[in-house]
Amino acid sequence: MTATLLRTAADLHARARTGRRAVVMTMGALHEGHATLIRTARKIAGPDGEVVVTVFVNPLQFGAGEDLDRYPRTLDADVELAGRSGADAVFAPSVDEVYPGGEPQVRISAGPMGERLEGAARPGHFDGMLTVVAKLLHLTRPDVALYGQKDAQQLALIRRMVRDLNFGVEIVGVPTVREEDGLALSSRNRYLSPAERRTALALSQALFAGRDRHAAQEALRARAREVPATRARAEALSAIGESRAAADAHAVATTAGGPAAVRAAARLVLDEAARLDPPLRLDYLALVDPADFTEIGDDFTGEAVLAVAARVGTTRLIDNLPLTFGTLGDAS
């Protein structure tokens with residue numbers, strides 16, 4: 001399948017629409033993670049619908065000293081990958097097309113959620129991101145827009161903007177795509193030297209350590225719930241050697257687990273990576289409520305996000321995993 005390259009909104013609007021339009025927004029330098037988004041969009045749009053991939057490196061979301069100038073730009077390869085993955089069109093507007101007359105005076109504010117974690121590390125980033133997402137939603141006029149869960153805070157803010165400001169579009173999150181060694185796919189991975197890449201694996205390894213600690217904790221909680229509190233049942237269990245196992249399960253479930261244990265397991269991996277050559281320099285490790293990206297307490301139940309950001313050399317990377325507290329199930 002060959003994707004049509006479009007440079008202006010007028011060209012995009014001139015296309016006939018016969019079904020659902022699904023949009024995948026990117027900054028280019030497409031990789032398998034983007035291809036997964038596009039393939040998912042193709043399934044959602046169906047054979048009669050249309051998939052549009054946007055390629056735009058948004059200057060508003062890059063702060064002073066960040067990598068705007070060196071951010072990879074590979075449009076020809078992007079158009080080819082998009083077509084192979086099922087896109088009908090690639091919309092790659094210029095800065096003047098998106099921001100006629102210069103930087104916009106009126107912008108979207110990300111609010112308090114946009115000042116936490118990534119927002120604290122990159123002031124103004126989410127205001128710029130939401131502003132361009134809002135503009136691209138208006139310019140592309142989709143029925144559904146897809147975003148990767150690797151940028152979990154970004155996805156949460158887009159969903160909040162669409163809900164709070166009554167955008168008539170469905171937002172779909174697509175799970176993070178990883179390389180065989182666990183590293184989350186990112187356009188910035190290409191900046192890493194072989195040694196830096198080995199250190200960067202600590203991000204995903206820390207998340208997996210937290211996930212595994214959480215899964216073990218939930219299993220122990222389930223085991224503890226199976227043991228009744230009555231004396232008669234305890235005596236019966238003792239007779240078959242089960243009481244010690246039950247006591248151990250109760251002890252671990254009530255004193256050694258929860259969010260604190262998940263954070264500790266992940267931090268241990270990151271602390272070790274800080275001593276590597278080259279070292280990992282941690283920006284943050286957080287276990288947050290996805291509704292507002294505030295840290296969860298030890299009595300929290302429900303869905304949470306374990307998130308990490310760090311620098312290796314001059315490259316800044318982020319990653320996250322969803323977890324569910326208080327419910328036995330797959331924590332991955």
Flag side-chain contact, heavy atom, 4.5 Å: [X] against [Y]:
| X | Y | result |
| --- | --- | --- |
| Pro104 | Leu60 | yes |
| Glu170 | Asp143 | no |
| Leu282 | Arg267 | yes |
| Val55 | Val79 | no |
| Leu6 | Arg15 | yes |
| Leu130 | Arg107 | no |
| Leu146 | Ile44 | yes |
| Glu295 | Arg263 | yes |

Is there a path of hydrophobic side-chain contacts, each under 4.5 Å between heavy atoms of I/L/V/M/F/W/Y residues, joining [Y] to [X]?
| X | Y | answer |
| --- | --- | --- |
| Val52 | Val98 | yes |
| Leu37 | Leu137 | no |
| Val305 | Phe126 | yes |
| Leu157 | Tyr284 | yes |
| Tyr147 | Ile38 | no |

For the backbone of [Y] and the side chain of [X], can you confirm whether one donor and one acceptor N or O come within less than 3.5 Å of each other?
| X | Y | value |
| --- | --- | --- |
| Asp319 | Val308 | no |
| Ser85 | Arg39 | no |
| Thr199 | Pro278 | yes |
| Arg160 | Leu155 | no |
| Arg281 | Val312 | no |
| Asn189 | Ala184 | yes |
| Gln153 | Arg116 | yes |
| Asn58 | Gly128 | yes |
| Asn320 | Leu306 | no |
| Thr18 | Asp48 | yes |

[atom1] of [X] to [atom2] of [Y]: how many Å apart, nearest 0.5 Å?
| X | Y | atom1 | atom2 | result |
| --- | --- | --- | --- | --- |
| Gln217 | Asp212 | CD | CG | 13.0 Å |
| Leu287 | Leu321 | CG | CG | 11.0 Å |
| Asp127 | Arg122 | CG | CZ | 12.5 Å |
| Leu30 | Leu81 | CG | CG | 5.5 Å |
| Ile318 | Leu203 | CD1 | CG | 9.5 Å |
| Arg211 | Ser204 | CZ | OG | 9.5 Å |

Review point. Taking the six-membered ring for Trp, are His214 and Phe325 parallel (under 30°), tilted (30 to 60°) or perpendicular (over 60°)?
Key: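 Plane angle between 30° and 60°, so tilted.
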Check your understanding: Are Glu97 and Lys135 within salt-bridge range, i.e. N to O under 4.0 Å?
Key ->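 No salt bridge links Glu97 with Lys135.
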Heavy-atom closest contact ([X] atom, [Y] atom, distance):
| X | Y | answer |
| --- | --- | --- |
| Gly173 | Arg159 | N-NH2, 3.3 Å |
| Ile108 | Met161 | CG2-SD, 4.0 Å |
| Met27 | Gln61 | SD-NE2, 3.8 Å |
| Asp78 | Ala29 | OD2-N, 3.1 Å |
| Gly28 | Thr26 | N-OG1, 3.0 Å |
| Ala156 | Phe293 | CB-CE1, 3.7 Å |

Practice item. Using the salt bridge (Lys or Arg N to Asp or Glu O under 4.0 Å) rule, pick out the option among Arg20, Arg17, Arg42 that qualifies with Asp88. Key: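 The residue from Arg20, Arg17, Arg42 that satisfies salt bridge (Lys or Arg N to Asp or Glu O under 4.0 Å) with Asp88 turns out to be Arg42.
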Check your understanding: Taking atom types as modelled, is there a side-chain donor on Ser94 or Asp96 under 3.5 Å from an acceptor on the other?
Key ->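 The answer is no; no qualifying pair exists.
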Review point. Counting only heavy atoms not in Glu303, do more than 12 fall under 6.0 Å of its CD?
Key: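 12 or below, so no.
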Check your understanding: Should we say atom CG of Asp76 is surrounded by more than 12 heavy atoms from elsewhere, each under 6.0 Å from it?
Key ->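 It does not: Asp76 CG has 12 such atoms or fewer within range.
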**Study point:** side chain to side chain contact (heavy atoms under 4.5 Å, CB included) evaluation trace for Leu136 with Val132
**Key:** CA-CA 6 Å; Leu136 288 172; Val132 78; 4.1 Å; yes
Check your understanding: What do the steps show when you test Gln154 against Glu118 for side chain to side chain contact (heavy atoms under 4.5 Å, CB included), and what is the final call?
Key -> CA-CA 9 Å; Gln154 169 179 285; Glu118 283 299 290; over 6 Å; no
